Amino acid sequence: MTTPPTAWYNVLADLDFDLPPDLPPPVRREGARLDPQVPLSLIRQEVTRERWVPIPEEVARRYAQWRTTPLRRATELEEALGTRARIYYKYEGGNPSGSHKLNTAIAQAHYYKAAGAKRLAVATGAGQWGTAVATACHMFGLECVVYMVRTSLESKPHRRTIMEMLGAEVIASPSDGTAAGRRFAHENAGTLSIALAEAMEATQQPGTRFCAGSGETYSLLHNTVMGLEAIDQLTEFGERADVVIAGLGAGSNFGGLAFPFLRPDQGHVRCVSVEPAACPKLTRGRYAYDFTDSSEQNALQKMYTLGSRFAPPRMHAGGLRYHATAKVVSALYDRGLIEATAYQQREVFESAVLFARAEGLVPAPESAHAVHGAVVEAAKADRDGTSPVILFSLSGHGLFDMASYRSYLDGQVDEEIVVTEEDIERSLEHLPPQPEHQVAGV
Ligand SMILES: *Cc1c(COP(=O)(O)O)cnc(C)c1O
């Protein structure tokens, strides 16, 4: 038995460079002073360079309800592929919310409660983040309001049901209850960036705080329990990872699993992120200062981005639709310390079904990106005549995603979703002005 980690791992401690600082937003819209009021405890975690951040006892006790999570060797999948690679996966779908997102939701609820919050407002794309925060709020006796991207809400009615069951209020975004929602009413399908702006606005009600999603540096930090456990678990198997693979949304899944493997004492481990070809922020975005949401009222962060107004084509992995990716992940990619890949939905579903048949677990469409990444790596290794240890994040289960699997089985998932250079350029035209000394070479 491995012992659970007692501290989170902070990758910033082992970087020999500083992250580009956040910048104030260029224009403050009058009357719209938004104050997310992030507790000091979380702000400290955002900037600290301490290598180990102790996990509060209350959070550790909650983690113990479902952690340590399983790390399994995918022997049946290996056999189905006929590969010589050894493939392991870390399964995060076995908690009440069904994904890795509960790792940070619980920590955030703990810190917000300690800071006096009564109610948390959140934005959710596919519904996993909303479900995670609803779960955490229920545990800590907080109220919860969830702004959910309208298309996702319509295609995933069960997500709404579980969130409401946990006591949360669920609102389709864009809604007519906020100024941001009314401003973007014409974008009826909604985007995560609009939902974020709406949730942020909800903090104008007393006692309500905005609970950020999975791109904050502290969200990545909280999720490092995955990677820390995985290192110990692989050691029990007598293995060390050669390649670590995870689906990339805002970054906490990838960062949470991969960062501990970037520690100097781990030797060289390739860390590969997988994003959908329909939302290719690392592989095709620009490293630039951008808004984190459509309110355009929050600090600018330097990130790989497609522009905060980028509306990805309709696709099934709603949790990977965010227009940008965490500034830490972005900085590591910029320095060549991690790798990025992008795949089409159809091939991703093919690998997901192969995995489900072999291993008996249905991956969330987001997690299926990592499954496919592992399948591709294994094939590459076989061609090269190597037999690496591949670890991937099975970040959540897909039991709420049957409508997506249904359309795949019915042959209704397009072979290829094309995002053109023009689509990306058009969206990037709306980037805020870049600071002078950064403009060169952008
Ligand atoms: C949200 C989500 C992701 C992406 O996670 P980020 O932390 O936003 O990068 C991956 N898998 C599942 C199951 C998710 O719910």
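Atoms within each ligand, like the ligands themselves, are counted from 1 in listed order. Just so it is clear, the model here is predicted, and its values are computed rather than measured.
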Would you say [X] has any N or O atom under 3.5 Å from an N or O of ligand 1, going by distance alone?
| X | value |
| --- | --- |
| G396 | no |
| A250 | yes |
| G249 | yes |

Practice prompt. Using a 4.0 Å heavy-atom cut-off, say whether E92 meets ligand 1 through its side chain, its backbone, both or neither.
Written response: neither
Worksheet item: Where's the contact between T325 and ligand 1, heavy-atom distance under 4.0 Å: side chain, backbone, both or neither?
Response: neither
In terms of residue, atom name and distance, what is the protein heavy atom nearest to [atom]?
| atom | result |
| --- | --- |
| atom 7 (O) of ligand 1 | S252 OG, 2.6 Å |
| atom 14 (C) of ligand 1 | K101 NZ, 2.7 Å |
| atom 4 (C) of ligand 1 | L320 CD2, 3.6 Å |
| atom 8 (O) of ligand 1 | S214 OG, 2.7 Å |
| atom 11 (N) of ligand 1 | S395 OG, 2.6 Å |

Practice prompt. For Q108 and E216, test the side chains for any donor-to-acceptor distance below 3.5 angstrom and give the result as yes or no.
Written response: no
Discussion item. Pairing donors with acceptors under 3.5 angstrom, does anything connect the side chains of K90 and T69?
Written reply: yes
Practice prompt. Kindly assign one of parallel, tilted or perpendicular to the pair W66 and Y63, based on the angle between their ring planes and the thresholds 30° and 60°.
Written response: perpendicular
Practice prompt. Fit a plane to each ring of Y287 and Y304, take the angle between them on a 0 to 90° scale, and name the class: parallel (under 30°), tilted (30 to 60°) or perpendicular (over 60°).
Written response: parallel
Taking only heavy atoms of [X], which atoms of ligand 1 are found under 4.0 Å from at least one of them?
| X | result |
| --- | --- |
| A364 | 13 (C) |
| G251 | 6 (P), 7 (O), 8 (O), 9 (O) |
| N253 | 5 (O), 6 (P), 7 (O), 9 (O), 10 (C) |

Item to complete: Run the ring-centre check on Y111 versus Y218 and record whether the distance is less than 6.0 Å.
Response: no
Worksheet item: Does F237 have R73 sitting over its ring (NZ/CZ under 6.0 Å from centre, angle to axis within 45°)?
Response: no
For a quick test of your reading: what N or O donor-acceptor pairs under 3.5 Å do the side chains of residues 187-198 make, sequence neighbours left out?
unit_1 : atom_1 : unit_2 : atom_2 : d
N188   : OD1    : R150   : NE     : 3.4
T191   : OG1    : S193   : N      : 3.4
T191   : OG1    : I194   : N      : 3.1
S193   : OG     : S294   : N      : 2.8
S193   : OG     : S294   : OG     : 2.4
S193   : OG     : S308   : O      : 3.2
E198   : OE1    : S175   : N      : 3.4
E198   : OE1    : S175   : OG     : 2.6
E198   : OE1    : T178   : OG1    : 2.5
E198   : OE2    : S173   : OG     : 2.7
E198   : OE2    : S175   : N      : 3.0

Discussion item. Any side-chain to backbone donor/acceptor pair from T325 onto A250? Under 3.5 Å, distance only.
Written reply: yes
Discussion item. Is H369 close enough to touch ligand 1? Criterion: a residue heavy atom under 4.0 Å from a ligand atom.
Written reply: no
Worksheet item: Are there more than 12 heavy atoms of other residues, nucleotides or ligands under 6.0 Å from atom CD of E50?
Response: no
